[in-house]
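Comments concern the structure below.
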Amino acid sequence: MAKAIEKTGVVTALGMMSGTSLDGVDAAVVDTDGIRIHNFGASGYRAYSEAERTCLRAALGHWGGAEAEAAAEVVDDAHAELLSRFSDYDVAGFHGQTLAHAPRQQGTYQVGDGATLAAKTGRPVVWDFRSDDVAMGGEGAPLAPFFHFACAKYLNLKKPVCFLNLGGVGNLTYVDPRFDSPEDAGALLAFDTGPANAPVNDLMQARLGLNMDADGRLAQSGTVETGALELFLAESYFSRLPPKSLDRNDFSEMINLVGELSDADAAATLTAMCAAGVAQGMQHCPESPSSVLVTGGGRHNPVLMQMLEVSLDCPVQKVEELGLDGDMLEAQAFAYLAVRVARGMATSAPGTTGVSACVGGGVVSLPG
Ligand SMILES: Nc1ncnc2c1ncn2[C@@H]1O[C@H](COP(=O)(O)OP(=O)(O)OP(=O)(O)O)[C@@H](O)[C@H]1O
Ligand SMILES: CC(=O)N[C@H]1[C@@H]2OC[C@@H](O2)[C@@H](O)[C@@H]1O[C@H](C)C(=O)O
């Protein structure tokens, strides 16, 4: 069994991501040398139970304490359980669960203990991906952009393209595949676009006890309240230049902007806010991309997809149209990044997190 990973050649990495939507943990295998993607492998998913989700929700915004400890236990157990379904990998990338993120103040805080996981599994585990970037003045997020660059190369794309991830929060990566390396100035520009599904999920939870507006059915029957949308876009976050990042709950008061609206109008308006944040963010791209490739759970929402098609002036496609798996892209990203960290390569750049120089964050825990 591998105790440390080889310094060169293609290895099999297993990435795991527990995202801001708090729905569950994704895991996916990528064969890579840390530069090129050679192959995408098996994937898996482990949903959080209602009780686990309640525990995680209660810990959001906490920088430690009993709530965070309870959440850490849930995260560690769920990841260990998911990991036990895989046997054929050389290194694991373990993002953990973000509980709080304020890079300019307290920093960034993910729970999940990679050292324990390494001891349990007997494999090297790479974790704590964001802290070094924040310590060097970066946003600590988004980190998927270096992987998006590798995806563009894997797909043999020749023109600039955007990857748009619609999870709890939205994040956009502008990739120019004409550059050789993700570290080249101008190859990447990335930032969080604004809230994506989190406000709609919170609305559905508060008003109807549901986890999401499945297939946008409620939003579909509602009307967008343009006054609320304008107030949303007046938020100072949207006039800030990228790179920039958000905490899941930075926009949680948005739900108050739709407080007086019917369920359907509120859902339609919060969905429109997500699309409007993306449209606003696209104005920062140095060139109009050949297309916007959408990944993450929001791409399953046809109302949101249609709003994006109307408001963006380039084609909007699900990543599946190019053969990628939009449910697993983030887990794959942390598989890819794990290999880069283990090999001392950079995982973020001034254009992706605003860090002062390219930095390779992450901690490598070897089994004892
Ligand atoms: N069929 C669907 N209809 C509407 N919304 C959906 C559908 N499927 C998924 N979603 C939305 O996508 C969310 C999950 O997205 P995803 O798994 O990308 O989030 P995440 O990885 O937790 O978040 P992040 O990328 O912010 O870390 C769900 O909570 C829901 O809001
Ligand atoms: C601090 C943190 O966990 N941020 C997440 C979150 O979820 C989406 C967006 O906000 C993105 O910035 C990031 O995740 C992705 C995987 C990233 O780092 O690329």
Side-chain angles (χ1 to χ4, degrees), residues 15-26 28 45 47-48 53 56 60 93 95-103 106-112 128-131 133-134 138-149 163-173 188 190-205 210-220 242-251 267 270-271 274 277 294-305 318-319 325-337 347-348 352-353 361:
M16 291 178 292
M17 178 68 190
S18 181
T20 56
S21 299
L22 309 177
D23 56 329
V25 187
D26 300 322
Y45 174 70
Y48 289 123
R53 202 168 294 157
L56 296 178
L60 290 179
H95 173 270
Q97 176 66 49
T98 296
L99 293 187
H101 182 70
Q106 296 100 315
T108 186
Y109 182 43
Q110 287 76 43
V111 287
D128 192 11
F129 285 89
R130 302 188 191 272
S131 297
D133 182 87
V134 171
E139 291 284 322
L143 291 184
F146 273 49
F147 172 69
H148 292 151
F149 186 88
F163 286 85
L164 173 65
N165 169 49
L166 298 173
V169 170
N171 58 288
L172 185 90
T173 307
L188 291 168
F191 55 96
D192 287 348
T193 55
N197 298 295
V200 188
N201 287 356
D202 291 348
L203 176 92
M204 298 302 287
Q205 187 67 51
L210 299 171
N211 285 326
M212 67 168 91
D213 179 17
D215 300 335
R217 279 194 289 272
L218 186 59
Q220 180 75 69
K244 52 185 176 176
S245 69
L246 286 168
D247 197 3
R248 181 201 187 277
N249 283 346
D250 278 349
F251 278 81
L270 292 175
T271 306
C274 168
V294 189
T295 176
R299 79 194 191 292
H300 295 304
N301 181 337
V303 177
L304 178 54
M305 289 298 282
K318 294 182 187 176
V319 291
D325 181 348
D327 290 324
M328 287 298 152
L329 223 62
E330 288 190 336
Q332 291 165 348
F334 284 96
Y336 176 80
L337 295 175
T347 51
S348 54
T352 64
T353 61

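Both counts, for ligands and for their atoms, begin at 1 and track the order of listing.
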**OP:** Do me a favour and list the nearest non-hydrogen protein atom to atom 8 (C) of ligand 2 with residue, atom name and distance?
**Re:** N171 OD1, 3.4 Å

**OP:** Of the side chain and backbone of N201, name the one, both, or neither that has a heavy atom under 4.0 Å from an atom of ligand 1.
**Re:** side chain

Original post:
Tell me, which protein residue and heavy-atom name are nearest atom 17 (C) of ligand 2, and how many Å apart are they?
Top reply: L143 N, 3.2 Å

**OP:** Using a 4.0 Å heavy-atom threshold (strictly under), name the region of A214 that reaches ligand 1: side chain, backbone, both or neither.
**Re:** backbone

**OP:** Just go through R130, H101, H95, R248 and tell me whose heavy atom is the nearest to atom 5 (C) of ligand 2.
**Re:** R130

Subject >> Subset of ligand 1 atoms that lie under 4.0 Å from at least one heavy atom of N197 >> reply: 11 (C), 12 (O), 13 (C), 31 (O)

Subject >> Stepwise side chain to side chain contact (heavy atoms under 4.5 Å, CB included) test for T173 and L188 >> reply: CA-CA 7 Å; T173 307; L188 291 168; 3.7 Å; yes

Original post:
Looking only at protein heavy atoms, which one is nearest to atom 6 (C) of ligand 2, and how far off is it?
Top reply: T20 CG2, 3.6 Å

**OP:** Consider every N or O of F334 and every N or O of ligand 2, then say whether any pair is closer than 3.5 Å.
**Re:** no

Subject >> Shortest reach to atom 11 (C) of ligand 2 by a heavy atom, considering only D192, L337, V169 >> reply: D192

**OP:** Give the numbers and elements of all ligand 2 atoms closer than 4.0 Å to a heavy atom of T98.
**Re:** 1 (C), 2 (C), 3 (O)

Original post:
At what distance is the nearest protein heavy atom to atom 16 (C) of ligand 2, and which residue and atom is it?
Top reply: E330 OE2, 3.2 Å

**OP:** Check whether any side-chain N or O of R299 sits under 3.5 Å from a backbone N or O of L166 as a donor-acceptor pair, and report yes or no.
**Re:** no

